[in-house]
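Notes follow once the structure below has been shown.
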Amino acid sequence: MIHLNTAGAGLVPAEVRRTMAEVLDREAAAGCYETESFYDGVVNDEVYRRLARILDAPVADVALFDSATRAWCAVVPRLNLGPGDRIWVTPYEYAGNLISLFELRDRTGCTIEVVPLLPSGDLDLGWMAAHIDDDVALVSVTHIPSGCGIVNPVEEIGRLLAPHRCFYAVDACQSIGQVPVSAARIGCQLLTGAGRKFLRGPRGTAFAYVAPELRAALLPGFHDLHVAHVDSATGYRIDDRSARSLELAERSTAAVAGLNTALTLFEEGKPFDHEDVFGALRAAVTGAPGVEIIAPGTKQSGILTFRHADVGAATVMARLAEQRINVWKIVGHHTPIYMADQGVDTAVRVSTHYYNTPEEMDVFGRALREALGAGA
Ligand SMILES: Cc1ncc(COP(=O)(O)O)c(C=O)c1O
């Protein structure tokens, strides 16, 4: 099997699977709460320290969630905005994030504006510099979108925004684990990501870095016994004001311990050294007849999207699956602003990681030519 769908979910390493199996075995043999106590050091301390190191963020500012959307929704809907506030998104914004921004707009009367692109597909940073003002309350940038492989210049944007009032949110779902991500260098106040993609963690794991100034500015939210304490018949107090106050108590010990193992492997490995695989992927797709590559921007990652005038994305995906090659059919409405502009309803997304080899890309290239050659 050749897995070219890490942008969906990466292949979980054997060590991660083993950690999770050990946790589940112990839960069955000794009890779930008892197992959580046994793994307390891992799931309540080590995993946070590792994540903080990887994100280049203070440990008190990182929190774990079961999905990146949940991480985003723990923060963004609680922004205290009004009709005078503007939110900037880019054409590469993820649809799930947009839904909560539209809800926020409808509830608060704030407005949402889309940062324009240059003809190359790169974000127009000149426009941003010229138009940023103190009524911009939030700027949201997806580091690498789910629909195509552009790497947006999140650090440069952070420098541009730093003197201004706005909070800066970066969606690092598709970038964390495949390109360097440093919350400190980006200068954002919110960074969200998923464990299951390029970090190769389990499904149902995700995280956020939430800066203290952003946490302090949020409208009151919901807390449970994870951080709050009912201390009288009529009142409660919050014991923990760290980013963990955004979490809820209940979660999967196996998933969190598995994430910790994935982060350990990530810290020990050199996952950024796979330019040769990216190059081979690009050559394989470019060499296929009739293919239109959807790759805006000057800087690309290991995600490559394309479509074919005659052979639909679902057919390409099914034909490659027969050859035991995993690619994914993406839908335009998941990256709706950019894809609608390009008239893309569906396309094939191929995503590589360090476990893929240039030889696999050759096999994929041959299988792709065959899949397209068979016609519609
Ligand atoms: C760029 C981007 N942001 C956010 C998400 C949402 O992640 P989750 O499914 O963990 O909520 C995805 C999922 O693929 C994504 O690609």
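Note that the coordinates shown come from a computational prediction; the quantities given were computed from them, not determined experimentally. Counting starts at 1 for both ligands and their atoms, in listed order.
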Exercise. Using the benzene-type ring in the case of Trp, are the ring centres of H229 and Y236 under 6.0 Å apart?
Worked result: no

For this session: Please work out whether the ring planes of Y338 and Y92 are parallel, tilted or perpendicular, with thresholds of 30° and 60°.
Result: tilted

Exercise. What residue and heavy atom of the protein are closest to atom 9 (O) of ligand 1, and at what distance?
Worked result: R196 NH2, 2.9 Å

For this session: Identify the protein heavy atom lying closest to atom 3 (N) of ligand 1, giving its residue, its atom name and the separation to 0.1 Å.
Result: D171 OD2, 2.5 Å

Problem set entry | Hphob cluster co-occupancy, V75 + L81, side-chain heavy atoms under 4.5 angstrom | yes

For this session: Quick one: pull up CZ in R26 and OH in Y39 and give me the separation to the nearest 0.5 Å.
Result: 5.5 Å

Exercise. Do any nitrogen or oxygen atoms of T69 lie less than 3.5 angstrom from nitrogen or oxygen atoms of ligand 1?
Worked result: yes

Exercise. Can you find an N/O atom of T142 closer than 3.5 Å to an N/O atom of ligand 1?
Worked result: no

Exercise. Which one holds for H334 and ligand 1: side chain close, backbone close, both close, or neither close, with close meaning a heavy atom under 4.0 Å?
Worked result: neither

Seminar exercise, completed: Taken to the nearest 0.5 Å, the spacing of E247 CD from F65 CZ works out to 6.0 Å

Exercise. Nearest protein heavy atom to atom 7 (O) of ligand 1, by residue and atom, and its distance?
Worked result: A68 CB, 3.4 Å

Exercise. Starting from atom 14 (O) of ligand 1, which protein heavy atom do you reach first, and at what distance in Å?
Worked result: K197 NZ, 2.9 Å

Exercise. So is R70 close enough to ligand 1, meaning a heavy atom under 4.0 angstrom away?
Worked result: no

Problem set entry | Salt bridge present between D85 and R165 (N-O < 4.0 angstrom) | yes

For this session: Measure S67 to ligand 1 on non-hydrogen atoms and call it side chain, backbone, both or neither using the 4.0 Å cut-off.
Result: both

Exercise. For the atom pair CZ (F306) and CG (L368), what is the distance rounded to the nearest 0.5 Å?
Worked result: 4.5 Å

